[in-house]
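What follows is a set of notes on a single structure, which appears directly below.
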Amino acid sequence: MFKIGDKVSYPMHGAGTIVDISIETFLGEEKKYYTISIPVGSVQVKVPVDNAEELGLRDIVKNDMKEDIIETLEGKRTKMPSSWTQRNRMNINKLKTGDIIEVASVVRNLMLLSKKKNLASGDRKMLTNATNLLLSELILSFDIDEDEAMKRINSYVFESREEETGDDIIE
């Protein structure tokens, strides 16, 4: 069980800090909820304590995972379907896992794709959502502000990268 002040990540919403644990009545039933304040977008979400683990609530990344995030962002773009619908479904499934490495791979792939061609509106929206998830986790785990987190993401993805040639990466 988490406590007030714990830094946690909630799939599809991002990382935040538990600011309250309250008992609320919903449909005549009392349940305990975590209130999580997410720094990106100044959002607050409530997660039922009883379902928290099942819903994917987890501690933010620890020091040993930070290097894996960086390596993922610096890595090569992986194959993606050429069909926007299939690509979007694949990316949504990655984000739903709550795995920060999967989130980082979505960010990297779409950022690199955006350098090769204009992204479709759905891809741009996916990139924004994935970036916000990654930003919130980096802000809390590296203890930096949003601007610094975005600078680091851009640095990891684009600096010291050999130019990838051709469109053979997209299947």
Side-chain angles (χ1 to χ4, degrees), residues 2-21 34-47 52-53 55-80 87-88 90-164 169:
F2 297 105
K3 61 186 183 313
I4 293 174
D6 284 351
K7 294 175 181 179
V8 296
S9 182
Y10 185 41
M12 301 297 289
H13 290 75
T17 304
I18 296 177
V19 294
D20 190 31
I21 301 172
Y34 296 121
T35 301
I36 304 166
S37 178
I38 298 173
V40 176
S42 300
V43 175
Q44 283 199 343
V45 295
K46 291 188 182 238
V47 179
E53 187 176 326
L55 294 171
L57 193 67
R58 62 168 173 77
D59 287 315
I60 61 168
V61 295
K62 303 288 187 227
N63 285 336
D64 58 338
M65 284 291 293
K66 290 178 185 178
E67 191 61 37
D68 293 339
I69 293 169
I70 294 168
E71 286 176 8
T72 299
L73 291 171
E74 291 176 337
K76 288 192 175 203
R77 183 163 45 119
T78 52
K79 291 186 179 185
M80 296 182 292
R87 190 169 54 246
N88 190 57
M90 178 188 77
N91 287 332
I92 286 173
N93 288 336
K94 285 183 174 189
L95 298 185
K96 281 183 178 179
T97 67
D99 181 340
I100 196 63
I101 300 302
E102 293 289 345
V103 173
S105 74
V106 170
V107 170
R108 177 203 59 223
N109 288 343
L110 290 176
M111 286 179 84
L112 291 174
L113 183 60
S114 75
K115 289 298 181 188
K116 290 192 158 294
K117 66 177 194 170
N118 289 330
L119 294 180
S121 62
D123 282 333
R124 282 193 311 272
K125 184 177 178 185
M126 176 62 66
L127 177 56
T128 298
N129 292 340
T131 300
N132 286 341
L133 293 173
L134 184 58
L135 278 171
S136 66
E137 190 109 12
L138 294 181
I139 287 167
L140 294 176
S141 63
F142 284 79
D143 194 25
I144 56 178
D145 66 21
E146 187 172 344
D147 288 339
E148 178 61 25
M150 194 65 225
K151 283 179 192 172
R152 288 188 187 191
I153 291 171
N154 281 314
S155 171
Y156 299 143
V157 172
F158 295 120
E159 287 183 15
S160 69
R161 177 177 294 280
E162 290 182 29
E163 189 65 29
E164 295 175 357
I169 293 175

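Residue numbers count from 1 along this sequence.
- Across all their heavy atoms, Leu140 and Ala15 have their closest contact at CD1-C, 3.6 Å.
- Distance check, rounded to the nearest 0.5 Å: CE of Met150 to OG of Ser155 gives 11.0 Å.
- Rounded to the nearest 0.5 Å, atoms CZ (Arg152) and CD1 (Ile70) are 7.5 Å apart.
- Looking only at side-chain heavy atoms (C-beta outward), Pro39 and Glu146 stay at 4.5 Å or farther from each other.
- Atom CG of Leu127 and atom CG of Asn132 lie 9.5 Å apart (nearest 0.5 Å).
- Contact record, Ser37 with Val19: CB-CG1, 3.7 Å, taken as the closest heavy-atom pair.
- When every heavy atom of Ile139 is checked against every heavy atom of Ala149, the shortest pair comes out as CG1-CB, 4.0 Å.
- At a threshold of 4.5 Å between non-hydrogen side-chain atoms, the residues Ile18 and Thr35 do not count as touching.
- Taking Asp6 as the reference, Lys3 meet the salt bridge (charged side-chain N to carboxylate O under 4.0 Å, His left out) condition, with sequence neighbours excluded.
- Between Ile144 and Leu138, the shortest heavy-atom distance links the atoms CG1-O, 3.8 Å.
- From Asn118, atom CG reaches atom CG of Asp123 across 11.0 Å, with rounding to the nearest 0.5 Å.
- Rounded to the nearest 0.5 Å, atoms OG1 (Thr17) and CD1 (Ile38) are 9.5 Å apart.
- Here the side chains of Leu133 and Val106 are not in contact, with every heavy-atom distance at 4.5 Å or above.
- In this view, Lys62 satisfies the salt bridge (charged side-chain N to carboxylate O under 4.0 Å, His left out) rule with no residue, not counting sequence neighbours.
- For the salt bridge (charged side-chain N to carboxylate O under 4.0 Å, His left out) test, residues two or more places apart in sequence or in another chain that qualify with Lys46 are Glu24.
- The shortest side-chain heavy-atom distance between Leu57 and Ile36 falls under the 4.5 Å cut-off.
- Shown here for Gly75 and Arg108, the closest heavy-atom pair between the two residues is O-CD, 3.0 Å.
- There is a side-chain donor-acceptor pair under 3.5 Å between Ser9 and Glu137.
- Considering only heavy atoms from C-beta on, Met126 comes within 4.5 Å of Ile92 through its side chain.
- Under the 3.5 Å distance criterion, the side-chain polar atoms of Arg58 are matched with a main-chain donor or acceptor of Gly98.
- At least one side-chain heavy atom of Phe158 sits under 4.5 Å from a side-chain heavy atom of Leu112.
- Taking the side chain as every heavy atom from C-beta outward, Tyr156 and Thr72 never approach each other to under 4.5 Å.
- Residues Ile100 and Asp68 fail the side-chain proximity criterion, which asks for heavy atoms closer than 4.5 Å.
- For Ser114 (side chain) and Met111 (main-chain N/O), a donor-acceptor pair under 3.5 Å exists by modelled atom type.
- Taking all atoms of both residues into account, the shortest heavy-atom contact from Arg124 to Leu119 is NH1-O, 2.6 Å.
- With values rounded to the nearest 0.5 angstrom, Arg77 atom CZ is found 9.5 Å from Leu110 atom CG.
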